[in-house]
Colleague: 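One structure is given below, represented as structure tokens, and several questions about it will come after.
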Amino acid sequence: SVNGHTLRGTKESATTENDSFIIYNEALKSWVEATDPESRFRFKDDTLPVLLELNYNAAYSSALSRMPMKARLVGSEDSNPFPSFVSKKITNIVGIQSRLTILTDNSIVLSEVNDPFNFFKQSVLVDLMDDVIDLESTDGGLGRFKYVNTHNRDLLITTDNAQLKMSGSNPLTPTNASIYTVARHTVETTIAPVAYGADVLYAIDYGGSSGIIKYSASDSSNEKDHI
């Protein structure tokens with residue numbers, strides 16, 4: 001019987017080697033995608049972020065637990081790697097377009113759509129538009145990512161010396177998502193920026209004085225976002 005046996009296939013291109021695994025499912029009478037049985041495919045439970053659950057019912061209660069992150073179900077460490085926030089400090093968490101969004105010092109990771117605890121691809125054979133999005137900064141002069149705000153359907157990322165945007169004007173997918181710099185202003189990152197209507201307010205420090213500057217997104221396609 002082939003039930004339970006895993007087969008490995010490798011698709012090579014000029015730049016990458018994409019490993020896939022299939023296993024025969026007796027109940028379905030077919031071969032289905034599987035994960036590499038020889039590599040780690042689960043998160044380490046004791047390193048997962050803490051989840052605070054609030055129950056607004058007659059007997060109000062709360063509970064702390066580890067986030068129930070899902071294991072990798074298909075592919076290998078090469079073809080379907082752990083998300084880039086693993087082994088990094090998480091600096092902010094928000095949500096956009098039914099995706100849980102996790103920010104680290106130099107990357108931003110969006111979960112699968114409508115599945116906030118899945119940060120792995122659903123298939124290594126087919127590219128799916130609702131799959132995880134994982135982007136890292138390649139500009140070493142931007143400083144560390146400190147905050148991310150939802151703003152006018154977009155994500156606005158704040159560093160010590162720059163502001164970056166991930167446009168959400170269209171549904172975000174692994175193929176169209178990108179982050180780009182919209183302004184380069186030094187702000188005070190010990191105080192979190194605040195979304196206020198159509199603007200985002202930042203604290204600034206002028207030596208012995210403090211102040212506030214405002215980020216605004218233009219409604220005109222001919223004008224750029226500005227501070």
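What you see below is based on every heavy atom in this structure, not just the backbone, and it leaves out hydrogens, waters and symmetry mates. Keep in mind it's a predicted model, so treat the numbers as computed, not measured.
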Colleague: Take a 6.0 Å sphere around CD of E136 and say whether it holds more than 12 heavy atoms from other residues, nucleotides or ligands.
Modeller: yes
Colleague: Would you say the side-chain atoms of T101 pair up with the backbone N or O of I93, donor to acceptor, closer than 3.5 Å?
Modeller: no
Colleague: How would you list, by chain and number, every residue that makes a ring-ring contact (aromatic ring centres under 6.0 Å, His included) with F119, sequence neighbours excluded?
Modeller: F85
Colleague: Do E33 and K121 meet the salt-bridge criterion of a basic N to acidic O distance under 4.0 Å?
Modeller: no
Colleague: With no hydrogens and no angle check, do the side chains of S61 and N55 hold a donor and an acceptor under 3.5 Å apart?
Modeller: yes
Colleague: Under 3.5 Å, side chain of D36 to main-chain N/O of G75, donor-acceptor pair present?
Modeller: no
Colleague: When you check the side-chain N and O atoms of S111 and N118, is any donor under 3.5 Å from an acceptor?
Modeller: no
Colleague: Within a reach of under 6.0 Å around CG of L125, are more than 12 heavy atoms found that belong to other residues, nucleotides or ligands?
Modeller: yes
Colleague: Taking the six-membered ring for Trp, are the ring centroids of F43 and F120 within less than 6.0 Å of each other?
Modeller: yes
Colleague: Mind checking salt bridge (charged side-chain N to carboxylate O under 4.0 Å, His left out) for R42 and listing every partner two or more places apart, or none if nothing turns up?
Modeller: none
Colleague: Taking the side chain as everything from C-beta on, heavy atoms only, tell me whether V113 gets closer than 4.5 Å to M129.
Modeller: no
Colleague: Is it the case that more than 12 heavy atoms not belonging to Y196 sit under 6.0 Å from its OH atom?
Modeller: no
Colleague: Just checking R144: does its CZ atom have more than 12 heavy atoms from other residues, nucleotides or ligands closer to it than 6.0 angstrom?
Modeller: no
Colleague: Between H185 and Y202, is the ring centre distance below 6.0 Å?
Modeller: no
Colleague: How would you list all residue pairs meeting side-chain hydrogen bond (donor to acceptor under 3.5 Å, both in side chains) that involve residues 124-135, not counting sequence neighbours?
Modeller: S84-D134, Q122-D130, Q122-D131
Colleague: Using 4.0 Å as the upper bound for N to carboxylate O, is an ion pair formed by D160 and K146?
Modeller: yes
